[in-house]
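Whatever order the structure lists ligands and atoms in, that order sets their numbers, starting from 1.
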Amino acid sequence: MKIERALGTCYYPEHWPKEIWREDARRMAELGLKWVRIGEFAWSRIEPEFGTFDWDWLDEAIEILGEAGLKVVLGTPTATPPRWMIDRHPDMLAVDENGNPRKFGSRRHYCFSHEGYREESRRIVDQFAARYGKNPHVAAWQTDNEYGCHDTVISYSDVARKAFQIWCLNRYGTVEKLNEAWGNIFWSMEYRDFADIDFPNLTVTEPNPSHVLAFRRFSSEQVVNYNKLQVDIIRAYSDKPIAHNYMGRITEFDHFKVGDDLEIASWDSYPLGFLEDRIPESDSFKHAHSRQGHPDFQAFHHDIYRAVGKGRWWVMEQQPGPVNWAPYNPAPLPGMVRLWTWEAFAHGAENVMYFRWRQAPFAQEQMHSGILRPDSVEAPAFHEAEQVARELQSLSSDQNVDAPIALVFDYESQWVTDAQPQGEGCHYFDLAFDYYCAARRLGLSVDIVRTDARDLSDYKIVLIPGLVTISDAMKSALEAFDGEVIAGPRTNAKTAELSIPRPLPPNMPGLDATIAYVESLRPSVQLPIKEGGNFIRWREQLETTAEIVATTEAGEPAAVRSRNMTYVAGWGDQALLVRLLSETCTRIGVATELMPASVRRRDTKNHRFYFNYGNAQTSIGDIDLPPAGVVWKEQSST
Ligand code: GAL
């Protein structure tokens, strides 16, 4: 599939006097931007009172942007219901786990389960789509904005409770079956009726993890349904592609399932904010990367969203300079905005949009930079975007490479480790990410694959660490796969209802291994592996007749292998994972190259890209990379 690359920005005409819109549009086009996203927070200006609409300004803004040659992404405004909405539906507010309403005064204050708000959403989306569905300048849509941002997937409201009870009825049929599935005989937690079922919050000690998992499944489905409600309406009026802008490390809903209803996946990439806010690295790592971001975190999400978008994906918001919302908000190293942009393109992005065009001098994000300063003077990102726009003239299209390695990524596995971590920091997301980082350290391009993948035959290696339940579909796909599989720890460790299966885990096809017990480790404990590397955080005691390929210093099996399956009985550190993966690659003839600590590479069909996430000059082979440098070579010459 050929990918045409473009740049864009996020613009809020309602924040600025009309007199400057035309000049803004002209400057955007002159900078080389092709796309502009608008509308997603503008409900109070479009419908200042219930049923009273003011479209003139939005008509005019779209016209001005379109006339300047820009393509418009129109966002539905449902992430910011106006104040009058709360008067109409006082119980529409989401409720936090302590039972407090999440009040009006910022955004995303709605509960996904509220039927009244769903109806209001249908109404406003219908108005938008009817008015702009055939507008020649509206070339794509965005539903809502960042589902899940600010912890807003899960709501403990009264309406959500009722909806959850109905969901349980539909899933389990009878309350006896539900009691059985959750093991409610334990601690006399049995229900007599679906109406007895409450949320798994505010319990004396931990709630039943099966109850938590059910509630998480329900909450995820509410997002999927809510998104679909918008999509169905837009489709009735428009044949333009529909996207949603997902976020970094938001795992509370199944992005694949939302993505099934959309043409494009997009995500909002804030590398420096994420480093400080949601990556469990050491202080010294963060110190060293504070102006560059984590060298693998963006790539991981690019690859996830390429999978979520079934090949079509964008960066809908790209950090342009300091943000306002992380614990610390440094400025990027000069060159990083360009690097992040090219990295997205190298992973197959069609479009990278900078957030935002001009820094707003008011309200919550007044400290968040833009392409322009509040006084409209060019901010540093302007010049980096300008450089990318120039470079795109000779590199405007490409194709994705056939990656040799796939990592199966699964949202439910994260919900299970949320419900039952069994040790601080033992989260599925981090385990999957660690495997991903090891592959990247070896210079490999990786595809993310969903758990219902039927056919893995495009790959030479498939990684399934922590995939907590192996579905029948995945089992068949693995059985048919003749490449190498690396599993564990915690792979196939639970039933679909979150209990311990029998036969005991991992019960993988063709592998004689039984986990006798598991243990989690405090951060100061590392279990050295004889062949190199360590187990951290988590270890499993294996009973096995399979070939032992790694052993703890105490002499216990650390990794075993049978046919094409390797099972790793603990959480490997990078040294261990890189070694295991590299040995596997060597065995089956997949070429690897150990990257210097700060360098990552990514292949496309036609190019090999190198990125320097370090703040010092470095080199790899004959390639010199300045700090924040990006270099690409034609694939034929590699
Ligand atoms: C995103 C959001 C934007 C803006 C931005 C600031 O999460 O979609 O509206 O708030 O963060 O970095």
Among Lys310, Arg312, Lys240, Arg235, exactly one meets side-chain hydrogen bond (donor to acceptor under 3.5 Å, both in side chains) together with Glu263. Which residue is that?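 Going through Lys310, Arg312, Lys240, Arg235 one by one, the side-chain hydrogen bond (donor to acceptor under 3.5 Å, both in side chains) with Glu263 is satisfied by Arg235 alone.
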His289, Gln292, Glu343 screened by side-chain hydrogen bond (donor to acceptor under 3.5 Å, both in side chains) with Tyr613, the one that passes: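 So, applying the side-chain hydrogen bond (donor to acceptor under 3.5 Å, both in side chains) to Tyr613 and each of His289, Gln292, Glu343, only Glu343 qualifies.
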[X]: numbered ligand 1 atoms lying under 4.0 Å from its heavy atoms:
{"X": "Phe355", "result": "3 (C), 4 (C), 5 (C), 6 (C), 9 (O)"}
{"X": "His368", "result": "6 (C), 12 (O)"}
{"X": "Trp325", "result": "6 (C), 12 (O)"}
{"X": "Asp268", "result": "8 (O)"}
{"X": "Phe41", "result": "9 (O)"}

Tell me whether the centres of the aromatic rings in His255 and Phe253 are closer together than 6.0 Å.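 Here the rings of Phe253 and His255 have centres that are less than 6.0 Å from each other.
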Stacked cation flag Arg88 on Phe50, 6.0 angstrom / 45 deg: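 Ring-cation test returns yes.
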Flag this pair as yes if the NZ/CZ of Arg217 is under 6.0 angstrom from the six-membered ring centre of Trp415 and inside a 45 degree cone about the axis; otherwise no.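 Output no; distance or angle outside limits.
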Taking atom types as modelled and ignoring hydrogens, do the side chains of Ser238 and Trp141 form a donor-acceptor contact shorter than 3.5 angstrom?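 Checked: Ser238/Trp141 side chains pair up, N/O donor to acceptor below 3.5 Å.
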Is it the case that the side chains of Glu146 and Tyr246 hold a donor-acceptor pair, with the cut-off being a distance below 3.5 Å and no angle test?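 Glu146 and Tyr246 do not have a side-chain donor-acceptor pair below 3.5 Å.
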Protein heavy-atom partner closest to [atom] - residue, atom, separation in Å:
{"atom": "atom 7 (O) of ligand 1", "result": "Glu146 OE1, 2.4 Å"}
{"atom": "atom 10 (O) of ligand 1", "result": "Glu365 OE2, 2.3 Å"}
{"atom": "atom 8 (O) of ligand 1", "result": "Glu317 OE2, 2.8 Å"}
{"atom": "atom 5 (C) of ligand 1", "result": "Tyr270 OH, 3.3 Å"}

Taking heavy atoms and a distance under 4.0 Å, where does Gln319 meet ligand 1: side chain, backbone, both or neither?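 It is neither; nothing of Gln319 touches ligand 1.
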Under 4.0 Å, heavy atoms only, figure out whether ligand 1 is touched by the backbone of Glu40, its side chain, both or neither.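 For Glu40, no heavy atom sits under 4.0 Å from ligand 1.
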Any heavy atom of Arg107 closer to ligand 1 than 4.0 angstrom?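 Arg107: in contact with ligand 1 (<4.0 Å).
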Nearest 0.5 Å, what's the CH2-SG distance between Trp325 and Cys149?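 It comes to 8.5 Å.
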Can you tell me how the ring of Phe362 sits relative to the ring of His15, calling it parallel under 30°, perpendicular over 60° and tilted otherwise?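 If you compare the ring of Phe362 with that of His15, the planes turn out perpendicular.
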Heteroatom distance test (Asn324, ligand 1): nitrogen or oxygen, under 3.5 angstrom: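 No; every N/O pair is 3.5 Å or more apart.
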